[in-house]
Colleague: 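Provided herewith is a single structure, encoded as structure tokens, for subsequent inquiry.
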Amino acid sequence: MPYDSSLDEKVFSKAWESEATRVTISVYSYNNGPKKVQITRENKDPNGNFRFTKLGRLSKEEAEGILPLIQEAVNTID
């Protein structure tokens with residue numbers, strides 16, 4: 001069965017943002033299945049718009065910024 005975005009339920013979502021990047025921590029449940037944490041990164045393009053990119057490695061600043069968000073996301077999972 002192919003992925004159906006209408007079956008994806010967002011339970012939690014918060015973002016940490018710096019001057020050039022945004023890292024979003026989310027919790028999703030697909031088709032009433034188990035809740036799972038998703039971490040995404042978006043970088044600003046020259047026009048100032050955010051564009052999705054691979055998460056890759058985190059700087060210390062990014063890691064320290066998202067740790068409380070990860071903990072908060074994990075606490076939403078039953």
Side-chain angles (χ1 to χ4, degrees):
M1 178 171 145
Y3 171 75
D4 181 353
S5 63
S6 70
L7 298 175
D8 225 357
E9 176 191 0
K10 185 187 296 185
V11 178
F12 172 90
S13 184
K14 286 197 177 176
W16 175 89
E17 198 170 311
S18 72
E19 207 171 288
T21 191
R22 175 168 55 203
V23 179
T24 304
I25 312 300
S26 304
V27 175
Y28 285 91
S29 173
Y30 184 75
N31 199 17
N32 295 317
K35 295 176 184 173
K36 297 182 180 181
V37 176
Q38 175 177 305
I39 304 174
T40 59
R41 176 193 299 276
E42 298 167 281
N43 288 334
K44 282 189 181 174
D45 66 14
N47 298 326
N49 301 313
F50 281 105
R51 301 267 187 214
F52 176 81
T53 186
K54 282 181 16 179
L55 179 62
R57 298 177 181 174
L58 296 170
S59 68
K60 181 179 179 182
E61 177 188 17
E62 291 169 330
E64 289 174 343
I66 68 168
L67 275 174
L69 302 180
I70 292 171
Q71 187 61 54
E72 193 174 343
V74 168
N75 288 338
T76 68
I77 299 173
D78 303 344

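Hydrogens, waters and symmetry mates play no part in the numbers below; they use all other heavy atoms, side chains included.
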Colleague: In chain order, what residues pass the side-chain contact (heavy atoms from CB on, under 4.5 Å) check against Glu61, with sequence neighbours excluded?
Modeller: Trp16, Ser59

Colleague: Can you tell me how far the CD1 atom of Ile66 sits from the CD1 atom of Ile39, to the nearest 0.5 Å?
Modeller: 5.0 Å

Colleague: Please list all pairs passing the side-chain hydrogen bond (donor to acceptor under 3.5 Å, both in side chains) test where one or both residues lie in residues 46-55, with sequence neighbours left out.
Modeller: Asp45-Arg51

Colleague: With Ser6, which residues qualify under side chain to side chain donor-acceptor pair (under 3.5 Å), at least two apart?
Modeller: Asp4

Colleague: Can you list, by chain and residue number, the hydrophobic cluster partners of Phe50 when the side-chain cut-off is 4.5 Å?
Modeller: none

Colleague: Would a 4.5 Å heavy-atom cut-off, applied to side chains only, mark Ile25 and Val37 as touching?
Modeller: yes

Colleague: Can you list the residues that meet the side chain to side chain donor-acceptor pair (under 3.5 Å) rule with Lys14, with sequence neighbours excluded?
Modeller: Glu72

Colleague: Which residues pass the salt bridge (charged side-chain N to carboxylate O under 4.0 Å, His left out) test with Glu9, not counting sequence neighbours?
Modeller: none

Colleague: Mind checking side chain to side chain donor-acceptor pair (under 3.5 Å) for Glu64 and listing every partner two or more places apart, or none if nothing turns up?
Modeller: none

Colleague: Any chance you could lay out the salt bridge (Lys or Arg N to Asp or Glu O under 4.0 Å) test for Glu62 and Arg57, step after step, and finish with the verdict?
Modeller: CA-CA 9 Å; Glu62 291 169 330; Arg57 298 177 181 174; over 6 Å; no

Colleague: Would Val11 end up clustered with Leu7 when hydrophobic side chains under 4.5 Å apart are linked, directly or stepwise?
Modeller: no

Colleague: Not counting sequence neighbours, which residues clear side chain to side chain donor-acceptor pair (under 3.5 Å) with Gln71? List them please.
Modeller: Asn75

Colleague: Show me the pairs that pass salt bridge (charged side-chain N to carboxylate O under 4.0 Å, His left out) and involve residues 18-34, at least two apart or across chains.
Modeller: Glu17-Arg22, Arg22-Glu42

Colleague: So if you build clusters from Ile, Leu, Val, Met, Phe, Trp, Tyr with side-chain heavy-atom gaps below 4.5 Å, do Val27 and Leu67 land together?
Modeller: no

Colleague: Applying side-chain hydrogen bond (donor to acceptor under 3.5 Å, both in side chains) as the test, list every pair that has at least one member in residues 25-37; sequence neighbours left out.
Modeller: Ser13-Ser26

Colleague: May I ask you to decide if Ala73's main-chain N or O and Thr76's side chain share a donor-acceptor pair within less than 3.5 Å?
Modeller: yes

